[in-house]
Amino acid sequence: MSFDSRAAGRFFPASLASAVDLQRRLAGRVRQTALPASPRRVAGADLSYDRARGRLYAAVVVLERSSGEVVEIARHEGPVRVPYVPGFLSFREGPAILAALDQLSRLPDLLLCDGQGLAHPRRFGLACHVGVATGLPTVGVAKSRLCGTHRDPGRRRGCRTRLVDRGEVVGAVLRTRTGVRPLYVSVGHRVRLEDACREVLFWARRFRSPEPVRLADREVAVMRRIVAGPTGQTG
DNA sequence: GCGACAG
DNA sequence: ATCTTGTCGC
């Protein structure tokens, strides 16, 4: 596929221009179709970096809708191959997420990604890239804004406003908890913005982030801690 | 030229 | 993301 770690590794910093071309080309493959009313297995993906070791840790945690229980966890550890450049996050994180997904015994019905989807300068954020590369329905859930402007949503849980960039509605600014900073939700692939907000609200009750993403975040933190050792020493 | 800028 | 102590607010 047009998304393998070796290719990504050779991408930077040589040709941001070709990365832009790739994003523009693949953006045409994003589909905004209706998601089933109640996707059963929903996963969250997240990463953590160890600057000192130059390593990256990725985890995908799959939850079952009816019980809310974790049904499977997939992990991946590898070297950091690409620097973080705003607008090109997927080249850095995407390959690791795909590697983790490969470890799953069964793919989820929906994947929540920690980052933007269509709420991206070229409408091809991390969630879109992972969605198009895998064919899975994906949603972008970011904790801060990459592009676009918006009004502040009401302070109550469930309140939302439109995120608009160059005249297009590219996402929603959604309050998942009363009085807490809102999340930036956008379409990744094979979902509509409506579905995306519905799912994020469903999975984010006690905390700001939806449970699958929150657990993936916790998982990569554990992975780092284990590698670092109980004392946190390098040797 | 001056900011803005997912993780 | 990660580095980091104390500190402000409910």
Side-chain angles (χ1 to χ4, degrees), chain A residues 3 5 8 11-13 16 19-20 23 26-27 30 44-60 76-100 111-133 138-150 155-156 163-166 170-174 176-189 193 196 200 208-210 212-214 216-225 227-228 232-234:
Chain A
F3 197 163
S5 50
F11 244 95
F12 293 88
L16 274 187
V20 167
Q23 292 181 323
L26 294 181
V30 172
D46 198 20
L47 287 90
S48 169
Y49 309 98
D50 188 319
R51 189 182 177 182
R53 291 188 177 74
R55 307 287 289 175
L56 146 178
Y57 308 87
V60 171
H76 172 77
E77 182 194 335
V80 174
R81 299 175 179 284
V82 175
Y84 166 67
V85 180
F88 302 90
L89 177 67
S90 69
F91 292 96
R92 177 180 171 89
E93 299 198 344
I97 293 175
L98 296 192
L111 177 65
L112 307 179
C113 297
D114 194 351
Q116 314 291 349
L118 290 179
H120 176 280
R122 289 167 293 283
R123 311 290 179 262
F124 201 66
L126 174 67
C128 296
H129 209 151
V130 172
V132 168
T138 60
V139 166
V141 185
K143 293 179 289 299
S144 61
R145 184 190 69 88
L146 173 60
C147 69
T149 58
H150 63 86
R155 71 181 296 282
R156 304 269 300 172
L163 177 61
V164 178
D165 184 46
R166 287 177 298 161
V170 296
V173 183
L174 176 66
T176 53
R177 292 208 69 194
T178 299
V180 173
R181 278 184 304 151
L183 292 176
Y184 291 78
V185 179
S186 58
V187 168
H189 186 50
L193 184 55
V200 170
R208 178 163 86 126
S209 296
V213 171
R214 196 182 71 81
D217 182 85
R218 214 182 57 172
E219 189 55 40
V220 293
V222 170
M223 290 170 71
R224 270 194 65 163
R225 235 176 287 144
V227 171
Q233 290 178 16
T234 299

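Convention: sequence-line order gives letters A, B, ...; per-chain numbering from 1.
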Handout entry: Rounded interatomic separation in angstrom, taking CG from L89(A) and P from dT2(C)
Key = 13 Å

Practice task
Determine: side-chain N/O of R224(A) to OP1/OP2 of dT2(C), distance under 4.0 Å, yes or no.
Solution key: yes

Exercise for the section: Can you tell me the distance, in whole Å, between the CZ atom of R145(A) and the P atom of dA4(B)? Expected result: 9 Å

Exercise for the section: In plain terms, say whether R218(A) and D46(A) are close enough for a salt bridge, that is, a side-chain N and a carboxylate O under 4.0 Å apart. Expected result: no

Problem - Under 4.0 angstrom between Y184(A) side-chain N/O and dA6(B) OP1 or OP2 - result: no

Exercise for the section: Check whether any side-chain heavy atom of D114(A) sits under 4.5 Å from a side-chain heavy atom of L47(A), and report yes or no. Expected result: no

Exercise for the section: Determine whether V132(A) and F124(A) make a side-chain contact, defined as any pair of heavy atoms from C-beta on separated by less than 4.5 Å. Expected result: yes

Exercise for the section: Indicate whether OP1 or OP2 belonging to dC5(B) is found under 4.0 Å from a side-chain N or O atom of S144(A). Expected result: no

Problem - Rounded distance in Å - CG (L126(A)) to C1' (dC5(B)) - result: 16 Å

Exercise for the section: Let me know the distance between CG of D50(A) and C1' of dG7(B), rounded to the nearest Å. Expected result: 16 Å

Problem - Touch class at under 4.0 angstrom, heavy-atom based, for Y49(A) against every strand present - result: sugar-phosphate

Handout entry: R122(A) side-chain N/O to dA6(B) phosphate OP1/OP2 under 4.0 Å
Key = no

Problem - Out of dC5(B), dG7(B), dT2(C), whichever nucleotide has its closest atom nearest the side chain of A142(A) - result: dG7(B)

Problem - Distance in Å, R145(A) CZ paired with H150(A) NE2, rounded so as to fall on 0.5 Å steps - result: 6.5 Å

Exercise for the section: To the nearest Å, give me how far apart CZ (R181(A)) and P (dA6(B)) are. Expected result: 13 Å

Fill in the blank from the handout: Rounded to whole Å, NZ of K143(A) lies from P of dA1(C) at a distance of 5 Å

Exercise for the section: Determine the contact category for G140(A): base if any of its heavy atoms lies under 4.0 Å from a base atom, sugar-phosphate if only primed atoms, P, OP1 or OP2 are that close, otherwise nothing. Expected result: nothing

Handout entry: Between dT2(C) (P) and R53(A) (CZ): distance, integer Å
Key = 13 Å

Completion exercise
From CZ of F91(A) across to C1' of dA6(B) the rounded distance in Å is 14 Å

Exercise for the section: For the residue pair M223(A) and R55(A), establish whether any side-chain heavy-atom pair is separated by less than 4.5 Å. Expected result: no

